[in-house]
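Below is one structure, written out as structure tokens; the observations come after it.
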Amino acid sequence: MTYTAAVSGATGYAGGEVLRLLCGHPEIEITTVTAHSSAGRRLGELQPHLHELADREVLETTAENLAGHDVVFLALPHGQSAAVAAQLPPETVVVDAGADHRLASAEAWQTFYGTEHAGTWPYGLPELIVDPSGRTQRDRLRGTARIAVPGCYPTGSLLALAPALAAGVVAPEDLVVVAASGTSGAGKSAKPHLLGAETMGSMSPYGVGGGHRHTPEIEQGLGWAGGTEVSLSFTPTLAPMPRGILTTATAVLRPGVDEARVREVYRAAYAHEPFVHLLPEGQWPATQSVLGSNHAALQLAVDPHAGRLVVTSVIDNLTKGTAGGAVQSVNLALGLPETTGLNAQGVAP
């Protein structure tokens, strides 16, 4: 069976990445692409790398244009997906790549986003451990018709720390995450601080002091994993590269826990995951190794002087961090093999 799909926000980075992956998906056919300000133009003008779709006309994003599809991907700015999704039939698989349906706490949403909470959908990170028993989020995604795609920073952060919290080898307090992202994470709209002259050869922090909108999302997922509330210090930084996120996460070790124990926890957690890889000891991950793929690579160490676990993870923020996670979750929702259409490896050099 072939499923039909519409992609809204098709001219942005996230929408373009969804389209790139769907072009290689044997069970999903792209039938409609929509946007707002670029409606009426050829997609090839705006996404010139998508040769197969170059002559498609970009339609206006309306419920009427999105209706009648098996799957609808909403790659829209935060705060815009909920109104569109509410007009789509309940049997349509709707995938929100924005933040509108990620948070369970209406209070956290209002604090960080400042608008009315739209509700909570199943969280689109299949590998996420959601309770201390080791159960993963994929059980909540099978057969669902609504999917909230995680933020890119949360994807890297949750994969890095969830196994340790679920196994109880680290404390839930004093978690620290520092992550460096490529500039595509800020979207495609022109912004002076993202000009090449501003970013080339330079790194800069932002959202410092707990102000980044992904903070409550990371805390939410880590709380699920450990079965208790967590406290987190999260600092994002902007790196002079188009794609990729390198996350360094640390946590206080429980008394008596050594590196061998922690390494066994991570081996067990990710041994059968097709897209998450704990590297051999001594090999540290680099963003280049996962470029353009739905894969994540991790490495860990124990700092005995500080009594902390250190985990480094790498993902492509547009693939595993957005579009790849969306397609992977859709596969589960439709009852397809989870890896369908996601076999691309990293690109090197």
Side-chain angles (χ1 to χ4, degrees), residues 123 125-139 150 152-180 217-228 230 232 234 244-287 289-290 293-316 320-321 324-325 328 338-339 345-346:
Y123 195 64
L125 184 56
E127 302 93 344
L128 176 62
I129 299 171
V130 293
D131 59 46
S133 73
R135 188 166 56 93
T136 63
Q137 181 67 14
R138 59 174 44 89
D139 293 336
C152 51
Y153 282 126
T155 296
S157 303
L158 295 173
L159 293 176
L161 284 179
L165 285 159
V169 296
V170 298
E173 304 84 18
D174 192 18
L175 305 174
V176 177
V177 173
V178 178
E217 186 181 342
I218 299 170
E219 288 187 329
Q220 172 180 270
L222 295 178
W224 290 340
T228 186
V230 304
L232 169 74
F234 171 56
I245 292 180
L246 186 147
T247 299
T248 301
T250 76
V252 176
L253 285 166
R254 297 286 194 186
V257 175
D258 60 11
E259 184 167 326
R261 168 65 179 141
V262 177
R263 192 167 294 277
E264 180 53 39
V265 164
Y266 277 77
R267 284 197 188 105
Y270 294 135
H272 302 293
E273 292 294 348
F275 297 118
V276 184
H277 313 282
L278 177 64
L279 299 177
E281 292 185 55
Q283 181 182 351
W284 287 87
T287 56
S289 68
V290 295
S293 80
N294 195 49
H295 293 269
L298 299 91
Q299 185 55 277
L300 63 86
V302 164
D303 181 345
H305 177 72
R308 297 186 75 94
L309 169 66
V310 182
V311 184
T312 294
S313 72
V314 293
I315 61 170
D316 184 318
K320 183 59 177 168
Q328 184 180 351
E338 191 171 333
T339 58
Q345 303 297 294

Shortest non-hydrogen separation from Leu165 to Pro172 and the atoms involved:
CD2-CA, 3.8 Å
Rounded distance [0.5 Å steps], CG in Leu309 versus OG1 in Thr250
8.0 Å
Do Ile245 and Thr287 pass the side-chain contact (heavy atoms from CB on, under 4.5 Å) test, and can you show the C-alpha distance, the side-chain angles, and the key distance before you say yes or no?
CA-CA 7 Å; Ile245 292 180; Thr287 56; 5.9 Å; no
Gap between atom CG of Leu232 and atom OG of Ser157 - 0.5 Å precision:
7.5 Å
Could you check Arg254 against Arg261 for side-chain contact (heavy atoms from CB on, under 4.5 Å), going step by step and ending with a plain yes or no?
CA-CA 11 Å; Arg254 297 286 194 186; Arg261 168 65 179 141; over 6 Å; no
Can you tell me how far OG of Ser289 sits from CG of Asp316, rounded to the nearest 0.5 angstrom?
10.5 Å
Worked verdict on Val130 versus Tyr123 for side-chain contact (heavy atoms from CB on, under 4.5 Å)
CA-CA 10 Å; Val130 293; Tyr123 195 64; over 6 Å; no
Interatomic distance, Leu159 atom CG to Leu128 atom CG [nearest 0.5 angstrom]
7.5 Å
What one should report as the nearest heavy-atom pair of Gly321 and Ile315 is CA-CD1, 3.8 Å
Enumerate the side chain to side chain donor-acceptor pair (under 3.5 Å) contacts for residues 269-281, please, sequence neighbours excluded, ordered by first and then second residue.
Arg138-Glu273, His277-His295
So, for Glu338 and Phe275, which heavy atoms are closest and what is the spacing to 0.1 Å?
O-CE1, 4.3 Å
Roughly how far apart are Leu222 CG and Ile129 CD1, rounded to 0.5 Å?
11.0 Å
Verdict with reasoning, Leu161 to Val230, per side-chain contact (heavy atoms from CB on, under 4.5 Å)
CA-CA 11 Å; Leu161 284 179; Val230 304; over 6 Å; no
Arg135 atom CZ, over 12 foreign heavy atoms within 6.0 Å
yes
Looking at CG of Leu300 and CH2 of Trp284, how far apart are the two atoms once the value is rounded to the nearest 0.5 Å?
6.5 Å
Backbone N or O of Gly156 within a donor-acceptor pair of the Ser313 side chain at under 3.5 Å?
yes
Val311 and Ala160: which non-hydrogen atoms are nearest, and at how many Å?
CG1-O, 3.5 Å
Looking at Thr155 and Pro150, what are the two nearest heavy atoms and their distance?
OG1-CB, 3.6 Å
Donor-acceptor contact present, side-chain Glu259 to main-chain Val302, <3.5 Å:
yes
Pairs satisfying salt bridge (charged side-chain N to carboxylate O under 4.0 Å, His left out), at least one member in residues 158-174, at least two apart
Asp174-Arg308
Any sub-3.5 Å donor-acceptor pair from Gln299's side-chain atoms to Gln283's backbone N or O?
yes
Which atom pair, heavy atoms only, marks the closest approach of Pro163 to Val265?
O-CG1, 3.5 Å
